[in-house]
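What follows is a set of notes on a single structure, which appears directly below.
Computed over heavy atoms, backbone and side chain alike; hydrogens, waters and symmetry mates excluded.
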Amino acid sequence: MGVVGAGFGALVHAPAFRAHERFELVAIASPSRASDVARTQNIPHAFASCEEMLDGAELDLVSVASPPFAHHHDVSAALRRGKHVLCEKPFALNLAQAHELHAFAQSAGVIHALAFEFRYLSSIVAMRELIANNHLGAPRQIEIAHRATSLRASGERPNSWWFDRNRGGGAGNAYMPHLFDLALHLAGRKPQTTLGFLRTANPQRQSKGEAFTSTVADGAFALLNFGEGLAATITSDMTQVADSSLIAVHGEQRTIVASGKTLHETTTFMVDEEETAELDLRANPRAKLAIAHPSIPLFLSLLDDLAQAIDGKPGSVPTFADGLAAQECLDAIGYSAI
């Protein structure tokens, strides 16, 4: 297989594929950093683009971790060659692109997957099991919040595509696809209604002493109605005073809540009428690999399911249909890049 993209692709995709026994990483593509990443990670071939990689390497699978504005192009190129595809979130720049890629993958007859690795958090696995076994009673609310400090008015970040809405930047497209997917995954279905909005509190930014204008949201807020008495509230706000994350499912009998500094670093509690008790969860079997990047153990669990799908065996790998569902929620709260 080959990876497109040398940002998150080099940090997580490439190391995870190299560590997984079912995959052989033979190529990486990036217009600027492919050769450096190939050399440091011992990847045999480096290319400047997805097309060059498809022409120059024999591949079964392409993992697209290029910036969001390149997803439609790179995924389409791989599908035209009949390759299996794993696509990083956000799936697309807008809902029309997401529909097109989903339909293309369906007609191509290949395995398609979305990099929604947070489904494999121990807390999410536990929540799904507790819901399925009716330990919470009737679920009434899913609550998900991601709060960070990096887009406060005083915060400095490089002026790049990340601050350009038309190129897929911003807090909405960076975090909300994951948060929407977790809500839909926990609910077990798509919402009947999604409401919400994007907010830009600090459009004027500084980078190395120079001012520039951001056209992206630094906060995103959503309310979902799943029917049958279940609602969800989702917040992603990067203008807060401290980093924190929370995922909770509130049922009529019990609440399960995971909270901590980040989604990777949470403690999980069960709350009922009598007590609040910390839960001892099963650790990810590859947890030690988090020393390289905290998402790598989760990504390896996703690759387990991806290998199952490629083998034609039943599995639960997130697919382009899941990417499309998250994109529908993004569209409902006002996100469309072009």
Side-chain angles (χ1 to χ4, degrees), residues 3-15 30-34 36-37 40 64-71 87-94 115-118 144-180 196-222 234-246 260-265 290 292-296 298-299 326 330 333-338:
V3 169
V4 185
F8 198 71
L11 283 174
V12 173
H13 285 238
S30 168
S32 58
R33 297 187 56 230
D36 290 341
V37 175
T40 58
V64 174
S66 49
F69 56 83
H71 285 187
C87 182
E88 186 55 62
K89 63 81 206 162
F91 187 29
L93 291 180
N94 55 47
F116 286 144
E117 70 271 16
F118 287 109
I144 303 176
H146 169 269
R147 297 182 173 92
T149 63
S150 59
L151 295 185
R152 291 183 296 176
S154 59
E156 282 214 9
R157 290 185 61 168
N159 183 9
S160 69
W161 65 263
W162 204 94
F163 288 100
D164 184 347
R165 179 185 178 117
N166 289 334
R167 303 180 78 195
N173 230 3
Y175 297 101
M176 288 300 277
H178 275 308
L179 307 188
F180 278 132
F197 61 93
L198 303 170
R199 179 218 64 200
T200 304
N202 298 312
Q204 300 307 312
R205 312 293 313 173
Q206 291 280 332
S207 177
K208 298 181 179 179
E210 296 205 3
F212 69 94
T213 299
S214 166
T215 60
V216 302
D218 49 27
F221 310 88
I234 302 177
T235 298
S236 175
D237 191 343
M238 300 179 70
T239 66
Q240 299 286 306
V241 71
D243 295 329
S244 66
S245 292
L246 179 143
K261 185 175 182 180
T262 70
L263 289 174
H264 298 99
E265 308 171 42
H293 191 284
S295 283
I296 289 177
L298 307 179
F299 211 85
L330 275 175
I333 67 169
Y335 185 87
S336 181
I338 54 176

- Any side-chain heavy atom of Arg147 within less than 4.5 Å of one from Val241? no
- Provide the closest heavy-atom pair for Gly196 versus Ile333 in the form atom of the first, atom of the second, distance. CA-CG2, 3.6 Å
- Task: To the nearest 0.5 angstrom, please state how far the NZ atom of Lys89 sits from the CZ atom of Phe180.
- Result: 13.5 Å
- Message: Under 6.0 Å between ring centres: does that hold for His71 and Phe91?
- Response: no
- Could you check Glu117 against Val12 for side-chain contact (heavy atoms from CB on, under 4.5 Å), going step by step and ending with a plain yes or no? CA-CA 11 Å; Glu117 70 271 16; Val12 173; 5.7 Å; no
- Closest non-hydrogen contact found for Trp161 with Gly168 is CZ3-O, 3.8 Å
- Should Phe163 and Leu151 count as side-chain neighbours, where that means a heavy-atom distance under 4.5 Å? yes
- Message: A side-chain contact here means heavy atoms from C-beta on lying under 4.5 Å apart; do Pro15 and Phe299 qualify?
- Response: no
- Message: Is it the case that the side chain of Asp243 and the backbone of Thr149 share a donor-acceptor pair, with hydrogens and angles ignored and the cut-off at 3.5 Å?
- Response: yes
- Task: Using the ring of Phe212 (Phe, Tyr or Trp, six-membered ring only), decide whether Arg205 places NZ or CZ under 6.0 Å from its centre and within 45 degrees of its axis.
- Result: no
- Can you establish whether the number of heavy atoms outside Gln204 located under 6.0 Å from its atom CD is more than 12? yes
- How close do Gly334 and Arg165 get, heavy atom to heavy atom, and via which atoms? O-NH2, 2.7 Å
- Query: Can you name the nearest heavy-atom pair linking Glu88 to Ala65, along with the distance?
  - Reply: CB-CA, 4.0 Å
- Message: So, using side-chain hydrogen bond (donor to acceptor under 3.5 Å, both in side chains) as the criterion, who are the partners of Tyr335 when residues are at least two apart?
- Response: Asn173
- Message: Looking at Ser245, is its backbone amide N or carbonyl O close enough to the side chain of Lys261 to form a donor-acceptor pair, meaning the two atoms are under 3.5 Å apart?
- Response: no
- In Å and rounded to the nearest 0.5 Å, what is the OG1 to CG distance from Thr213 to Asp164? 11.5 Å
- Message: Taking the side chain as everything from C-beta on, heavy atoms only, tell me whether His178 gets closer than 4.5 Å to His146.
- Response: no
- Message: Within the structure provided, determine whether Ser214 and Asn202 are in side-chain contact (heavy-atom separation under 4.5 Å).
- Response: no
- Item | Side chain Glu156, main chain Lys208, donor-acceptor under 3.5 Å | yes
- Just by modelled atom types, is the Pro203 backbone N or O under 3.5 Å from a matching donor or acceptor in the Thr200 side chain? no
- Query: Would you say the side chain of Asp237 lies within less than 4.5 Å of the side chain of Phe221, judging by non-hydrogen atoms?
  - Reply: yes
- Message: Please give me the minimum heavy-atom distance between Ala6 and Val37, naming the atom from each residue.
- Response: CB-CG2, 4.0 Å
- Query: Do the side chains of Ser236 and Leu179 get nearer than 4.5 Å, heavy atoms only?
  - Reply: yes
- Message: So does Val4 get a backbone contact from the side chain of Ser66, meaning a donor-acceptor N/O pair under 3.5 Å?
- Response: no
- In chain order, what residues pass the side-chain hydrogen bond (donor to acceptor under 3.5 Å, both in side chains) check against His293, with sequence neighbours excluded? none
- Side chain proximity check, Trp162 to Arg167, heavy atoms < 4.5 angstrom: no
